[in-house]
**Q** 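What follows is a structure written as structure tokens; I'll ask about it next.
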Amino acid sequence: QVQLVESGGGLVQAGGSLRLSCAASGRTFSSYAMGWFRQAPGKEREFVAAISRIGSTYYTSSVKGRFTLSRDNAKNTVYLQMNNLKPEDTAVYCCAAETAVSRTAYYVSPTEYDYWGQGTQVTVSS
């Protein structure tokens with residue numbers, strides 16, 4: 001089992017940047033594929049980005065070119081660097097983890113993840 005704790009959210013003006021972190025407990029972090037999802041008020045949870053055990057990444061189209069997902073297995077942490085933020089990026093951002101047998105697998109559906117963090121608020125003002 002793994003516990004996830006997000007940090008790095010906050011209030012930023014449009015065009016600004018934030019870096020979210022997701023720290024995982026446990027000694028098997030490298031065996032997990034990781035993902036980020038977000039949920040804005042009144043909207044459904046939305047996939048943002050995912051990363052495989054070996055660092056292959058996949059992004060939803062609305063953040064491609066602006067967000068970068070990376071992982072540091074030595075620190076049991078994934079990072080979501082968010083640049084050129086827009087008001088529509090405002091949401092609670094949650095990270096998720098799933099045990100992946102394949103080193104290259106990543107997952108885009110929230111139903112594929114077993115472990116979730118509590119989330120961190122990101123607010124982008126116009």
Side-chain angles (χ1 to χ4, degrees):
Q1 194 156 355
V2 61
Q3 292 184 322
L4 305 173
V5 179
E6 302 95 335
S7 61
L11 173 64
V12 64
Q13 289 187 330
S17 298
L18 285 173
R19 188 177 80 156
L20 304 184
S21 299
C22 174
S25 65
R27 297 177 293 177
T28 59
F29 177 73
S30 61
S31 67
Y32 290 98
M34 304 293 294
W36 283 93
F37 293 79
R38 66 187 180 186
Q39 187 165 19
K43 295 187 177 181
E44 294 191 355
R45 185 164 47 188
E46 174 190 24
F47 168 77
V48 177
I51 190 165
S52 71
R53 290 171 54 191
I54 61 170
S56 303
T57 53
Y58 182 79
Y59 302 90
T60 192
S61 59
S62 63
V63 308
K64 199 173 297 184
R66 300 188 297 123
F67 290 12
T68 302
L69 180 57
S70 61
R71 67 188 298 159
D72 185 337
N73 287 341
K75 295 183 177 180
N76 285 11
T77 302
V78 293
Y79 304 98
L80 184 66
Q81 177 66 44
M82 306 186 296
N83 298 329
N84 190 22
L85 283 160
K86 304 176 180 180
E88 52 263 42
D89 294 319
T90 296
V92 175
Y93 284 70
C94 293
C95 70
E98 174 60 19
T99 304
V101 175
S102 167
R103 295 166 65 240
T104 59
Y106 50 75
Y107 308 105
V108 300
S109 170
T111 61
E112 295 177 292
Y113 290 90
D114 282 338
Y115 306 104
W116 292 84
Q118 294 294 326
T120 185
Q121 176 70 46
V122 171
T123 302
V124 185
S125 63
S126 57

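In this chain, residues are counted from 1 in sequence order.
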**Q** Please walk me through it: do S62 and E46 pass side chain to side chain contact (heavy atoms under 4.5 Å, CB included)?
**A** CA-CA 11 Å; S62 63; E46 174 190 24; 4.2 Å; yes
**Q** Honestly curious: do Y113 and V78 fall in one hydrophobic cluster under the side-chain, below-4.5 Å linking rule?
**A**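 Y113 does not cluster with V78.
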**Q** Please name the pair of heavy atoms, one in T90 and one in A40, separated by the smallest distance, quoted to 0.1 Å.
**A**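 Here T90 and A40 meet closest at O-CB, 3.6 Å.
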**Q** When rounded to the nearest 0.5 angstrom, what is the spacing between CZ in R19 and OG in S70?
**A**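 Between R19 CZ and S70 OG, I get 7.0 Å after rounding to 0.5 Å.
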**Q** With hydrophobic residues grouped by side-chain heavy-atom distances under 4.5 Å, do V48 and Y58 end up in a single group?
**A**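 The answer is no; the residues belong to distinct hydrophobic clusters.
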**Q** So which heavy atom on G119 is nearest to which on C94, and how close?
**A**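 What the structure gives for the nearest pair is CA-SG, 3.5 Å.
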**Q** Do other residues, nucleotides or ligands put more than 12 heavy atoms under 6.0 Å from Q81 CD?
**A**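 Result for CD/Q81: enclosed.
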**Q** Just wondering, more than 12 heavy atoms not from Y79 lying within 6.0 Å of its OH?
**A**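 Yes, the 6.0 Å shell around OH holds more than 12 heavy atoms from other groups.
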**Q** When the ring planes of Y93 and F67 are compared, do they come out parallel, tilted or perpendicular, using 30° and 60° as the limits?
**A**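 Because their plane-to-plane angle lies in the 30° to 60° range, the rings of Y93 and F67 count as tilted.
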**Q** What verdict does the side chain to side chain contact (heavy atoms under 4.5 Å, CB included) test give for L11 and Q121, after you've listed the backbone C-alpha separation in whole Å, the side-chain angles of each residue and the deciding distance to 0.1 Å?
**A** CA-CA 8 Å; L11 173 64; Q121 176 70 46; over 6 Å; no
**Q** With no hydrogens and no angle check, is any side-chain donor or acceptor of Q13 less than 3.5 Å from a backbone partner on S125?
**A**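 Looks like no, no N/O pair under 3.5 Å.
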**Q** Does CD in Q118 sit with more than 12 non-hydrogen atoms of other residues, nucleotides or ligands closer than 6.0 Å?
**A**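 Not buried by this count: 12 neighbours or fewer within 6.0 Å.
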**Q** Can you tell me how far the CZ atom of R71 sits from the CZ atom of F29, to the nearest 0.5 Å?
**A**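 Answer for the CZ-CZ pair, R71 versus F29, is 4.5 Å.
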**Q** Counting neighbours of CZ on R45 that are heavy atoms of other residues, nucleotides or ligands and sit closer than 6.0 Å, is the number greater than 12?
**A**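 Buried by this count: over 12 neighbours within 6.0 Å.
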**Q** Evaluate the side-chain proximity of R66 to Y59: yes if any heavy-atom separation is below 4.5 Å, no if none is.
**A**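 A side-chain contact under 4.5 Å is absent here.
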**Q** How far apart are the closest heavy atoms of S56 and Y106, and which atoms are they?
**A**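 What the structure gives for the nearest pair is O-CD2, 4.1 Å.
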**Q** Search all heavy atoms of W36 against all heavy atoms of S21 and return the closest pair with its distance.
**A**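 Heavy atoms of W36 and S21 come nearest at CH2-O, 3.8 Å.
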**Q** Can you tell me how far the OG atom of S17 sits from the CG atom of N84, to the nearest 0.5 Å?
**A**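 One finds 8.0 Å between OG of S17 and CG of N84.
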**Q** Does any part of the side chain of M82, heavy atoms only, come nearer than 4.5 Å to the side chain of L20, both counted from C-beta?
**A**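 Heavy-atom side-chain distance check passes, below 4.5 Å.
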**Q** List the atom of N76, the atom of G26, and the distance in Å for their closest heavy-atom pair.
**A**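 Nearest heavy atoms, N76 then G26: ND2-O, 2.7 Å.
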**Q** What distance do C95 atom SG and L69 atom CG have between them, rounded to the nearest 0.5 Å?
**A**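 Going from the SG atom of C95 to the CG atom of L69 covers 10.0 Å.
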**Q** Would you call the rings of W116 and F37 parallel, tilted or perpendicular, where under 30° means parallel and over 60° means perpendicular?
**A**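 Ring orientation, 0 to 90° scale: tilted.
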**Q** Could you pull out the closest heavy-atom pair between A33 and A105, with the gap in Å?
**A**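 Taking every non-hydrogen atom into account, CB-O, 3.7 Å.
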**Q** Can you tell if the side chain of L4 reaches within under 4.5 Å of the side chain of M34, non-hydrogen atoms only?
**A**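 Yes, close enough: below the 4.5 Å cut-off.
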**Q** Drop me the distance from T99's OG1 to Y115's OH, to the nearest 0.5 angstrom.
**A**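 Between atom OG1 of T99 and atom OH of Y115 there are 5.5 Å.
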**Q** If you round to the nearest 0.5 Å, how far is CD of E6 from SG of C22?
**A**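 Reported to 0.5 Å precision, the distance equals 5.0 Å.
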**Q** Taking the side chain as every heavy atom from C-beta outward, state whether R38 and V122 have any atom pair closer than 4.5 Å.
**A**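 Heavy-atom side-chain distance check fails, nothing below 4.5 Å.
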